[in-house]
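Here's the structure, in structure tokens; my notes come after.
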Protein chains: 2
Amino acid sequence: MQSYTEENYLKVIYHLSEANHPVQTNAIAERIQTKAASVTDMIKKLSEKELVNYVKYQGVTLTEKGKLTAINIVRKHRLWEVFLVDKLNFKWDEVHEVAEELEHIQSNLLIERLDEFLDFPKVDPHGDPIPDKHGNFAELAFVKLSKLNSGDKGTITGVSEHSSSFLKHLEKLGLTLGKRIEIIEVLEFDGSVELFVEQQKTNISREVAKHILITKN
Amino acid sequence: MQSYTEENYLKVIYHLSEANHPVQTNAIAERIQTKAASVTDMIKKLSEKELVNYVKYQGVTLTEKGKLTAINIVRKHRLWEVFLVDKLNFKWDEVHEVAEELEHIQSNLLIERLDEFLDFPKVDPHGDPIPDKHGNFAELAFVKLSKLNSGDKGTITGVSEHSSSFLKHLEKLGLTLGKRIEIIEVLEFDGSVELFVEQQKTNISREVAKHILITKN
DNA sequence: TTTATTGTTTAGACAAATCTAAAAATTTTA
DNA sequence: TAAAATTTTTAGATTTGTCTAAACAATAAA
């Protein structure tokens, strides 16, 4: 298989990919905390292994093979996060670093048994969908909270930012997965949002609202 | 901390150590499946980090610091084995390779929570003792089955060989952890042993008997 | 106690992943 | 569209862990 490092590159390229647009060298370098020159080196290697399509100066896209590999790593990462939260009582802001390590353990049996043990979860503790073993994602109808208008109601079903500081902030405001919310008002001035959570009025900035995912219902 | 590779060297040196006797370069090379020259290189590095005591041509011993590190890896390995068998229904002969990977995950919180989740097990699925977080082992009174005499009775509480083929063989004979046995006869000729397990007469070679650990009772 | 054997170390080389500095290509700005 | 700014690549070096071949040390055998 691939090395730990190669797997990380594939995962990062996957996360930075949008609608088949090529990913830039610098974008990868920043995410992986390395230098652009190192990224070029590694991309060449991945290209030789046919895991990415690479055209000099044009950025990279994942091949089908590369994409499957990347999705499998995402699957493992998210299943381990569920394990840590559901079974070992980790908080949702404590799981990321450990899952970054666990995702590289090589054993199909392990991951299938873990999936079963966790009762085939469809989303991780941040509401991100967990692909099945064939790489298929369940369809989830998310909307960014920042896209809602006054009067809209829904349930918090995900977040798109996983930093500990952000998640702790949400926790403090009571804005955790599964909570029902209702928009009171969206301020013209700065896009900040006033809303109800469990009969409590709360205010959040537009920046925070952008990273909370809502299922309308 | 140390690299994956350094951790493996420490663990192997720990397992090869007996009563503070220095471990030979070649012994390490064989266990780690590498060349003696590579072992010498790595030993020098570990010595600079004060994880081993090293005298040219005299072999290595672990320093206190090195020993604690090694024991911690052993602790993690054995806890993960319990997890795999007790929670994910792995068989006792399927856990070793995966645990070899899992033992290198760096997170104290993870391992303490895992310990708790497993209800603080004292032994792994092969009967090997699990050190606590301070590196202390519970005292276990094992005797090799090959040391018993006709008429002796006891319970199988461990094995000292973890290969899949050996463990599958035991399974086939019904010689698994917790089973009570009684020695019928030890043959002068080849040291093979005739014994009762659950009213069944069975014969095992001296070689097999040496790797089965018994608590007399 | 010299010789043979076995075990260990050194020297020099290599692959993987990274880096810095400089060159080249691309994009933006004027 | 030419100059400036940005981005990417190349060239060459470094670190980690490994290797082979040869030299060296310790032990066993004659």
Side-chain angles (χ1 to χ4, degrees), chain A residues 1-18 20-62 66 69-70 73 100-101 103-104 106, chain B residues 1-18 20-62 66 69-70 73 100-101 103-104 106:
Chain A
M1 257 283 164
Q2 299 81 216
S3 70
Y4 189 108
T5 313
E6 286 174 293
E7 290 194 347
N8 273 336
Y9 272 88
L10 291 174
K11 186 184 58 165
V12 163
I13 294 166
Y14 175 78
H15 283 309
L16 292 173
S17 290
E18 274 174 30
N20 275 349
H21 278 271
V23 177
Q24 300 198 115
T25 304
N26 261 356
I28 299 169
E30 205 199 335
R31 262 292 261 277
I32 258 162
Q33 289 287 56
T34 188
K35 296 295 144 75
S38 311
V39 174
T40 303
D41 291 342
M42 181 55 85
I43 283 172
K44 280 186 189 162
K45 195 177 153 190
L46 294 173
S47 178
E48 266 160 42
K49 294 194 176 185
E50 307 202 310
L51 292 160
V52 300
N53 307 114
Y54 171 54
V55 185
K56 266 192 197 178
Y57 292 98
Q58 303 297 133
V60 281
T61 57
L62 293 171
T69 308
I73 298 161
E100 290 280 308
E101 289 192 57
E103 72 190 7
H104 300 290
Q106 301 290 353
Chain B
M1 255 286 163
Q2 298 81 214
S3 71
Y4 189 107
T5 312
E6 286 175 293
E7 289 193 348
N8 273 336
Y9 271 88
L10 291 175
K11 186 184 59 166
V12 163
I13 295 167
Y14 175 78
H15 283 309
L16 292 173
S17 291
E18 274 175 29
N20 275 349
H21 277 273
V23 176
Q24 301 198 114
T25 304
N26 259 358
I28 299 170
E30 204 199 336
R31 262 295 259 278
I32 258 161
Q33 289 288 56
T34 187
K35 295 296 143 74
S38 310
V39 174
T40 303
D41 291 341
M42 180 56 84
I43 283 173
K44 281 186 187 161
K45 195 178 155 192
L46 293 174
S47 179
E48 266 160 41
K49 293 194 176 185
E50 307 202 312
L51 292 160
V52 300
N53 307 113
Y54 171 55
V55 184
K56 266 191 197 177
Y57 292 99
Q58 304 296 134
V60 281
T61 56
L62 293 171
T69 308
I73 298 161
E100 289 281 308
E101 288 192 58
E103 72 189 6
H104 299 290
Q106 302 290 352

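Below, chain A is the first sequence line, B the second, and so on; all start at residue 1.
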Problem - C:dA16 OP1/OP2 closer than 4.0 Å to side-chain N/O of A:S3 - result: no
Completion exercise
Closest of D:dA11, C:dT8, D:dT8 to the A:Q24 side chain is D:dT8
Practice task
Give the rounded distance in Å between these two atoms: NZ of B:K49 and C1' of D:dT16.
Solution key: 10 Å
Problem - Candidate nucleotides D:dT10, C:dT20, D:dT20, ranked by approach to the side chain of B:K35 - the nearest - result: D:dT20
Handout entry: Between C:dA16 (P) and A:E48 (CD): distance, integer Å
Key = 10 Å
Pull out every protein N or O sitting under 3.5 Å from an N or O of nucleotides 12-15 of chain D, one pair per line with the distance.
none

Fill in the blank from the handout: A:M42 atom CE is separated from C:dC19 atom P, nearest whole Å, by 11 Å
Exercise for the section: For A:A37 and for B:I43, find the nucleotide of DNA chain C with the closest heavy atom, then tell me which residue's nucleotide is more 5'. Expected result: B:I43
Problem - Spacing of A:K56 atom NZ relative to C:dA25 atom P, expressed in whole Å - result: 8 Å
Problem - A:Q106 backbone acceptor or donor facing B:E101 side chain under 3.5 Å - result: yes
Problem - Nearest heavy-atom neighbours spanning B:T61 and B:P22 - result: CG2-CA, 3.7 Å
Practice task
For residues A:I43 and A:V52, report the shortest heavy-atom separation together with the two atoms involved.
Solution key: O-CG2, 3.8 Å
Practice task
Evaluate side chain to side chain contact (heavy atoms under 4.5 Å, CB included) for A:L46 paired with A:V60, printing each intermediate quantity in order.
Solution key: CA-CA 10 Å; A:L46 294 173; A:V60 281; over 6 Å; no
Practice task
Looking at every strand, decide which applies to B:Y4 at a 4.0 Å heavy-atom threshold: base, sugar-phosphate, or nothing.
Solution key: nothing
Practice task
Would you indicate, yes or no, if D:dT18 has its OP1 or OP2 atom less than 4.0 angstrom from a side-chain nitrogen or oxygen of B:S38?
Solution key: no
What donor-acceptor contacts under 3.5 angstrom involve side-chain atoms of residues 29-42 of chain B, with partners at least two apart or in another chain?
{"unit_1": "B:T40", "atom_1": "OG1", "unit_2": "B:A36", "atom_2": "O", "d": "3.2"}

Exercise for the section: Using whole Å, report how far CD of A:Q33 lies from P of C:dC19. Expected result: 10 Å
Practice task
For D:dT16, take OP1 and OP2 only and decide whether either is under 4.0 Å from a side-chain N or O of B:T5.
Solution key: no
Practice task
Find the distance B:I32:CD1 to D:dT18:P and express it as a whole number of Å.
Solution key: 8 Å
Exercise for the section: Return the nearest nucleotide to the side chain of A:N26; candidates are C:dT8, C:dA11, D:dT7. Expected result: D:dT7
Problem - Nearest-0.5 Å distance that lies between atom CD in A:E6 and atom NE2 in A:H104 - result: 11.5 Å
Practice task
Name the closest nucleotide to the B:T25 side chain, picking from C:dT9, D:dA11, C:dT18.
Solution key: C:dT9
Practice task
Any chance you could measure B:I73, atom CD1, to B:E7, atom CD, to the nearest 0.5 Å?
Solution key: 4.0 Å
Check: protein-nucleotides 22-24 of chain D nitrogen or oxygen pairs below 3.5 Å:
none

Practice task
Could you please spell out the steps behind the side chain to side chain contact (heavy atoms under 4.5 Å, CB included) verdict for A:Y14 and A:L10?
Solution key: CA-CA 6 Å; A:Y14 175 78; A:L10 291 174; over 6 Å; no
Problem - Among C:dT10, C:dT8, D:dT18, the nucleotide that comes nearest once only the side chain of B:K44 is considered - result: C:dT10
Problem - Whole angstrom value for the distance that separates P of D:dT7 from CD of A:E30 - result: 11 Å
Exercise for the section: Nearest whole angstrom, please: distance from the C1' of C:dT18 to the CD1 of A:I28. Expected result: 16 Å
Exercise for the section: List the atom of A:Y4, the atom of A:E100, and the distance in Å for their closest heavy-atom pair. Expected result: OH-O, 4.0 Å
Practice task
Look at the side-chain N and O atoms of A:Y54 and state whether any lies under 4.0 Å from the OP1 or OP2 oxygen of D:dT9.
Solution key: yes
